[in-house]
Amino acid sequence: MNKLLDEALSIDIADRIKSKAKKPFDNAYKAALATEGSIYVQGFLATKGKPYQPIEYAWIELSDRIVDPTLPHLHKNAEDLWYFAAQSLTVKKLKAIIEESQEDYPEDDPLPVYGDAPYEYYGDVMLGGKDYLQAFQAAEAKCKELNKSIAENN
C-alpha cells in the first residue's frame with residue numbers, strides 16, 4: 001500500500017532543513033531529527049519518465065503520510081511518484097547507527113544504512129538484504145508500468 005505523499009509538509013520541511021538536490025539520505029536524516037514522531041525510511045522511488053528505473057532513496061513517514069524533504073528538487077508531479085520502503089528506523093535507532101558508523105568508519109558516509117552483513121547484491125552496486133531486493137523489484141515493476149507508453153512510442 002502506497003501511503004499518501006504530503007506535498008505541503010514535504011515542501012515546508014525541505015525549506016526548514018535547507019534540503020539539497022541529490023541528497024535524499026541526508027535530507028531524510030535531517031528531516032527525521034527535526035520532525036517529532038517521524039520514522040526514517042530507505043527504499044526506492046519509482047517515477048514516470050527519466051531515469052526510467054528505480055532510484056535508491058530515503059524519506060520520512062508520519063503515521064499514514066510520506067514526507068519527502070527532497071521533493072522540491074525532483075521537478076515531478078506527486079502523482080507520478082511511488083515510494084517503496086525497504087527499511088524503517090526510529091530516530092533513536094538511526095542516531096545510534098550514525099554515531100557508531102562515524103566512530104568506526106570516520107572517513108565513510110554513514111548513509112544510507114544497510115543493516116547487518118552479509119548483504120545480498122542486486123542491480124549493479126546497491127547493497128541490502130531480502131527486504132531491499134523485494135522493494136527494488138517492486139519499484140522496478142512500477143517503473144516499467146509507468147513508462148510503458150513511453151517505451152511503446154519510441
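Note that the CD1 atom of Ile13 and the OG atom of Ser38 stand 7.5 Å from one another [nearest 0.5 Å]. The NZ atom of Lys95 sits 15.5 Å away from the CD atom of Glu100 when rounded to the nearest 0.5 Å. Summarising the geometry, atom CZ belonging to Phe136 is positioned 8.5 Å from atom SG belonging to Cys143; distances are rounded to the nearest 0.5 Å. Distance CD/Gln102 to CD/Glu107: 11.5 Å, rounded to 0.5 Å. Atom CD1 of Ile97 and atom NZ of Lys92 lie 12.5 Å apart (nearest 0.5 Å). Taking CG of Leu33 as the reference point, atom CD1 of Ile60 lies at 9.5 Å (rounded to 0.5 Å).
A distance-only check finds a donor-acceptor pair linking the side chain of Asp6 to the backbone of Leu9 [under 3.5 Å]. A donor-acceptor contact shorter than 3.5 Å links the side chain of Asn147 to the backbone of Gly49. Between the side chain of Asp64 and the backbone N or O of Lys3 there is no donor-acceptor pair closer than 3.5 Å. Side-chain atoms of His73 come within 3.5 Å of backbone N or O of Ser19 as a donor-acceptor pair.
Looking at heavy atoms from C-beta onward, Leu146 lies in side-chain contact with Trp82 at the 4.5 angstrom threshold. The closest side-chain heavy-atom distance from Leu111 to Asp26 is below 4.5 Å. You'll find the side chain of Leu45 reaches within 4.5 Å of the side chain of Tyr83, heavy atoms only. When side chains are defined from C-beta on, Leu81 counts as touching Leu71, because their heavy atoms get closer than 4.5 Å. Residues Thr35 and Tyr40 have side chains not in contact (no heavy-atom distance under 4.5 Å, counting atoms from C-beta outward). Residues Val41 and Gln87 fail the side-chain proximity criterion, which asks for heavy atoms closer than 4.5 Å.
For the side chain to side chain contact (heavy atoms under 4.5 Å, CB included) test with Tyr29, the passing option among Val91, Ile17, Leu89, Ile98 is Ile98; the others fail.
With hydrogens and angles left out, the side-chain atoms of Gln42 and Tyr132 include a donor and acceptor closer than 3.5 Å. In this model, a donor atom of one side chain and an acceptor atom of the other lie less than 3.5 Å apart for Thr70 and Asn27.
Closest heavy-atom contact between Pro72 and Pro69: CD-O, 3.9 Å.
A salt bridge links Asp12 with Arg16: the distance from a Lys NZ or Arg NE/NH1/NH2 to an Asp or Glu carboxylate oxygen falls below 4.0 Å. Residues Glu145 and Lys142 are paired through a salt bridge, judged by an N-O separation under 4.0 Å between the basic side chain and the carboxylate.
The number of heavy atoms from other shown groups lying within 6.0 Å of NZ (Lys76) is above 12. The environment of CD in Glu36 is sparse: at most 12 heavy-atom neighbours from other residues, nucleotides or ligands sit within 6.0 Å.
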Stepwise side chain to side chain donor-acceptor pair (under 3.5 Å) test for Asp68 and Ser10: CA-CA 5 Å; Asp68 182 353; Ser10 295; over 6 Å; no

Steps toward side-chain contact (heavy atoms from CB on, under 4.5 Å) verdict (Glu56, Phe25): CA-CA 9 Å; Glu56 194 172 16; Phe25 301 102; 3.7 Å; yes

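Under a hydrophobic-cluster definition in which Ile, Leu, Val, Met, Phe, Trp and Tyr are linked whenever side-chain heavy atoms come within less than 4.5 Å, directly or via other members, Leu5 and Leu74 are assigned to the same cluster.
Checked against a 6.0 Å centroid threshold, the rings of Tyr57 and Phe44 do not count as neighbours.
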